[in-house]
Number of protein chains: 2
Amino acid sequence: MTEIIAALTDALPEGVVVTDPDVLAAHTRDHADLCDAGAPVALVRPRDTNQVGIVLALASAHGVPVVPQGARTGLAGAANAVDGCVLLSLSAMNRILEIDPVNRLAVVQPGVVNADVTKAVAPHGLRYMPDPGSYESSTIGGNVATNAGGMCCVKYGVTAEYVLGLEVVLADGRVMRCGRRTAKGVAGYDLVRLFVGSEGTLGVITEITLKLQPTPKPALSLAAVFESTTAAGAAVTAITAAGCVPSLLELVDNVHLRAIEALAPQGLPTDAAALLLAASDSGVAEDLGTIARLCEQSGATEVFQATDEQEAEALLTSRRLAYHAMEKLGAVIVDDIAVPRSRLAEALDGVAAIAAKTGAHVGVIAHAGDGNLHPNIVVDRTDPASVERGRRAFEEILAMALDMGGTSTGEHGVGLLKRDWLERELDHVNYSMQKAVKHAFDPAGVLNPGKVLG
Amino acid sequence: MTEIIAALTDALPEGVVVTDPDVLAAHTRDHADLCDAGAPVALVRPRDTNQVGIVLALASAHGVPVVPQGARTGLAGAANAVDGCVLLSLSAMNRILEIDPVNRLAVVQPGVVNADVTKAVAPHGLRYMPDPGSYESSTIGGNVATNAGGMCCVKYGVTAEYVLGLEVVLADGRVMRCGRRTAKGVAGYDLVRLFVGSEGTLGVITEITLKLQPTPKPALSLAAVFESTTAAGAAVTAITAAGCVPSLLELVDNVHLRAIEALAPQGLPTDAAALLLAASDSGVAEDLGTIARLCEQSGATEVFQATDEQEAEALLTSRRLAYHAMEKLGAVIVDDIAVPRSRLAEALDGVAAIAAKTGAHVGVIAHAGDGNLHPNIVVDRTDPASVERGRRAFEEILAMALDMGGTSTGEHGVGLLKRDWLERELDHVNYSMQKAVKHAFDPAGVLNPGKVLG
């Protein structure tokens, strides 16, 4: 233990290696519930790629596990310490290295906060599209390592689709570049995509070449009120089947509507089964009108259409408050399943049935257009029976998702939280090849051991 | 040799194993020039996944190489026979298994022709977007194995972005599923993306879950005439920098313009340095107008704007004839580089300089909006000096692309043709990890040996 600390301290500039127990304690876990965290021996905050290489080479030589961390906003325990590990925080590597407007790309260090990229590229008429809920605090490195989703995915896709190239330090300290700066390229296996979503288990990302988009046209939005989840689900199906391409299609259920209204009264329909929020940035005014009509035809009792950008933004406020509102009611266990979007209503009803059966307090917000549901389970930390009910509901919801041809994680990742579920979700040949890939990149198992794969 | 044939014939239904020398001879190579092909011992045409598994298990047991083939329209020699191999043609597995309009996906066998998917999903208001030049003959399996590009990439991306899930038979005959049917999902490493573009070297794809898009709005298009490649390149830069999102942005150079006009006179401006073709399917009429204005501001001497869909389609005819027109002049060596799109003009001038220096006859068509150039080199097969000039130009163009921060293959793949260039393009750590990935999936080196990696 002290050996690796001495080696790191010797090799790195002052201030990079931290062993203060309070600092370590503050860095042992991410935002995930239900996940264990071990005790780290040190926290290192390298300033450049070379220092990351030194950390990994030394850790490998000493057989000490390394747990990479960004802003620790993850929700699957992927950034949680394991016993005896070195925590490798990339937060000090937070520079935007380049913005290239013509080639629509930016080169950034992993510790840059998502929103800071958006701000920096805006003057060029460009946007970095991925918008995870944590965009104001989470880092690009963490977003890439978890393949973060968000509300814009329904039209613009996930983080993976915006990563052109990477610089990565491998477990043994060697530095590798993969990907490209060109719009297209098929030279060799797509290692970029392998690292995206690998949650720090294959290598440590030290530089990212991001793809940017022209700033979308201003979005118009609407909110539709439904008296049944079946009707709300039917609306989502109708919108998708009609070939609409909303830039946002979110669902807030009754449990969340009441929680939000309790936190910040704004006249939400607290009797409604669900509120569907839709936006369109196509620039074609009729496109949102079509969505409104389909909501009405599917049984919406009311449809409020925003008439300008300010009103459109206001409509989204309730959605943004959803998680915070639930947290006011107790500790929240966040689940994250995705089902084929045609089965959204069925999944909502299934979650309600599981809540009734287990007695857990469960509400759902959903990236409805993607079939990606976040059942949020409120528990009372001081009551073991409440926590146990929550845990049972959590597990039953995952089982339901797999039964429906869905996945145990739509966007939050595997980490520790879904590790056993990953083995259940994948066929055994796939699972064995996942392990083979891990072995190819990290034969000694130094990188984030026990995460993703058992 | 006869041992593997006997084993395959025993294990598979009549007609699946072919040893007729004429049939074998007809299947030894794809469309690539400058590539060697070996002598196969048999051609097998399995009818289902189980039969593919039998072929691979037997080949592995006998240590016989297997070369997967689709329609052999590839341009890098990836489907070329190697000595003593079994050619594994997926062309008989050509069924569309499912079309799911609400979840916007189709499940197909690898032997389905690209255009047949497009036709089958059209009545549902959906389109399978990737449109490689060979779309009327190439198979989806081949498209996926090479991560095929096309003209729509500038707006809609490459094949990889339309592959949700795969069934794959591994080198030892085991069957694996990866990916999903949901819109989002982050369960484990992205093995789908690893197989896409792996050119048959990691496994044999036996089923593909494709992502479909709502049929885009009708495209309007224009053709702009430029007296210099610099001006044409400036127009592409201006269009990209202005945040325009054309659905097509193609360049045809003077050499091709003259070749096309010679083949099918249609009044093309044969004195022009380049013709730029642009289309927009945004549904916003002004978007194409903006592109037209930017072309004029960049120095276009004339801009013809199509007034309806028929005229728009007619404008593309010249582009579609380009390769065919060049073939009338001699044998064509097709190159495929991509550079940062800001350097398009520079790349065009570079190719012209290389043509002048080597004495080779080179014309360029380009997916200009992607910075993806196809320098087409016309040679006289009967004249070794002409072929040698062509080969020198080919190599110098690749070296130029790498010098410009580009890639040796934008969309055609590595195969045999660019194998040595791949090693030159990637850093040595990346290259060693490419080999480690190959080894993880195919430790005995049975699958398409010598392709992609040396």
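For B:Phe441, the parts lying near chain A are the backbone and the side chain together; criterion is any non-hydrogen pair under 4.5 Å. In this structure, chain B has a heavy atom under 4.5 Å from the backbone of A:Ser282, while its side chain stays farther away. For chain A, the nearby part of B:Val158 is the side chain; its heavy atoms alone come within less than 4.5 Å. Of the two parts of A:Leu164, neither the backbone nor the side chain holds a non-hydrogen atom closer than 4.5 Å to a non-hydrogen atom of chain B. In this structure, the portions of B:Asn430 lying under 4.5 Å from any heavy atom of chain A include both its backbone and its side chain. Heavy atoms closer than 4.5 Å to chain A are found nowhere in B:Thr215, neither backbone nor side chain. With a threshold of 4.5 angstrom between heavy atoms, B:Val175 approaches chain A through N, CA, C or O but not through any side-chain atom. Both the backbone and the side chain of B:Cys178 come within less than 4.5 Å of a heavy atom in chain A. Of the atoms belonging to B:Lys438, heavy atoms from both backbone and side chain fall under 4.5 Å from chain A. Neither the backbone nor the side chain of B:Asp336 comes within contact range of chain A, judged by heavy atoms closer than 4.5 Å. Of the atoms belonging to A:His367, it is side-chain heavy atoms, and not backbone ones, that fall under 4.5 Å from chain B. Both the backbone and the side chain of B:Glu411 have a heavy atom closer than 4.5 Å to some heavy atom of chain A. For a residue to count as touching a neighbouring chain, one of its non-hydrogen atoms must lie under 4.5 Å from one of that chain's; by this rule B:Arg177 touches chain A with backbone and side chain alike. Only the side chain of B:Leu453 comes within contact range of chain A, with heavy atoms under 4.5 Å apart. Contact of B:Ser198 with chain A is made through backbone and side chain together, with heavy-atom distances under 4.5 Å.
Judged purely by atom type and a 3.5 angstrom limit, B:Arg174 has no side-chain atom pairing as donor or acceptor with the backbone of A:Val429. Remark: side-chain polar atoms of B:Asn147 are not paired, donor with acceptor, to backbone N or O of A:Val186 under 3.5 angstrom. Proximity of a side-chain donor or acceptor of B:Asn103 to a complementary backbone N or O of A:Ser342 within less than 3.5 Å is detected. The backbone N or O of A:Asp190 lies less than 3.5 Å from no partner atom in the side chain of B:Arg193, so there is not a single donor-acceptor pair. Not one N or O on the side chain of B:Asp370 forms a donor-acceptor pair closer than 3.5 Å with the backbone of A:Lys184. At distances below 3.5 Å, at least one donor-acceptor pair connects side-chain atoms of A:Gln434 with backbone N or O atoms of B:Tyr189.
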Does A:Met433 form a side chain to side chain contact (heavy atoms under 4.5 Å, CB included) with B:Leu170? I'd like the steps, not just the answer. CA-CA 10 Å; A:Met433 294 319 299; B:Leu170 299 179; 3.7 Å; yes

Test log, rule side chain to side chain contact (heavy atoms under 4.5 Å, CB included), inputs B:Val437 and A:Val437: CA-CA 7 Å; B:Val437 167; A:Val437 168; 5.9 Å; no

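Top candidate by heavy-atom pairs under 4.5 Å with chain A, chosen from B:Arg181, B:Arg104, B:Arg343, B:Lys217, is B:Arg104. When each of A:Gly157, A:Gly188, A:Ala242, A:Ala160 is scored by its heavy-atom pairs under 4.5 Å with chain B, the top score falls to A:Gly188. Of all the listed residues (B:Val284, B:Leu191, B:Thr146, B:Val245), the one sharing the greatest number of non-hydrogen pairs under 4.5 Å with chain A is B:Leu191. Ranked by heavy-atom pairs shorter than 4.5 Å toward chain B, the options A:Ala436, A:Gly283, A:Ala241, A:Gly185 are led by A:Gly185. Options B:Asp287, B:Ile337, B:Leu202, B:Val192 differ in how many heavy-atom pairs under 4.5 Å they form with chain A, and the most are formed by B:Leu202. For the set B:Gly406, B:Cys153, B:Pro101, the count of heavy-atom pairs under 4.5 angstrom toward chain A peaks at B:Cys153. When each of A:Val236, A:Leu422, A:Leu126, A:Val452 is scored by its heavy-atom pairs under 4.5 Å with chain B, the top score falls to A:Leu422.
The two atoms that bring B:Gly243 and A:Pro214 nearest to each other are O-CB, 3.4 Å, heavy atoms only. Nearest heavy atom pair, residue A:Thr407 against residue B:Ala187, reads OG1-CB, 3.7 Å.
For the pair B:His428/A:Met176, no side-chain contact is recorded, criterion being any heavy-atom separation below 4.5 Å from C-beta on.
Under a 4.0 Å N-O distance rule, the pair B:Asp100/A:Arg341 does not qualify as a salt bridge.
Expressed to the nearest 0.5 Å, how far CG of B:Asp427 lies from CD of A:Glu167 amounts to 9.5 Å.
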